[in-house]
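Reckoned from all heavy atoms, side chains included, excluding hydrogens, waters and symmetry mates.
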Amino acid sequence: AVCLSGCLLSLPLVLIEFVPLYFTMDKLMEKARHEAVKIKREAKKLAEMESILERNMREAMSDKHYGCANSVMYEIANACDSYADRQKVLNRAWEKLESTPDRWCRILKTL
């Protein structure tokens with residue numbers, strides 16, 4: 001009976017020692033979740049910062065084996081009226097034209 005009561009008395013002490021560790025791990029997991037949400041939010045902001053012209057150029061000069069819509073091509077052509085946008089389009093076109101030959105689909109669509 002003495003051993004049993006001694007074991008019962010030591011059990012709560014053991015649990016008390018682990019309680020701060022549990023709360024520390026819980027706070028650590030909460031902090032990790034919070035950081036993951038912040039990273040996801042920042043990535044979403046960066047994805048939305050792409051302008052309509054950049055999105056249209058990405059679609060028009062992609063590796064996909066199908067063409068893009070005429071409306072996309074029309075919007076890119078209209079954007080070339082502005083000097084700054086024309087420079088963006090030409091720089092992206094030259095970048096795609098300098099691709100390696102195994103990216104033939106991208107080169108063909110850019111032309």
Flag side-chain contact, heavy atom, 4.5 Å: Val37 against Lys40: no
Nearest-0.5 Å distance that lies between atom CG in Leu28 and atom NZ in Lys31: 10.0 Å
Nearest-0.5 Å distance that lies between atom CG in Asn70 and atom CD in Glu75: 11.5 Å
Test item: Ser99 side-chain N/O and Lys96 main-chain N/O as donor-acceptor pair under 3.5 Å: yes
Lys38 bridged to Glu35 by N-O distance under 4.0 Å: yes
Separation of Ser51 OG from Asn56 CG (nearest 0.5 Å): 8.5 Å
Distance (rounded to the nearest 0.5 Å) between Met61 CE and Glu95 CD: 9.0 Å
Working for side chain to side chain contact (heavy atoms under 4.5 Å, CB included), residues Arg58 and Arg92: CA-CA 9 Å; Arg58 183 173 40 85; Arg92 178 73 63 94; 4.3 Å; yes
Separation of Glu59 CD from Met73 CE (nearest 0.5 Å): 10.0 Å
Rounded distance [0.5 Å steps], SG in Cys68 versus CD1 in Ile76: 6.0 Å
Side chain to side chain contact (heavy atoms under 4.5 Å, CB included) between Asp85 and Asn78, worked out: CA-CA 9 Å; Asp85 288 341; Asn78 277 341; over 6 Å; no
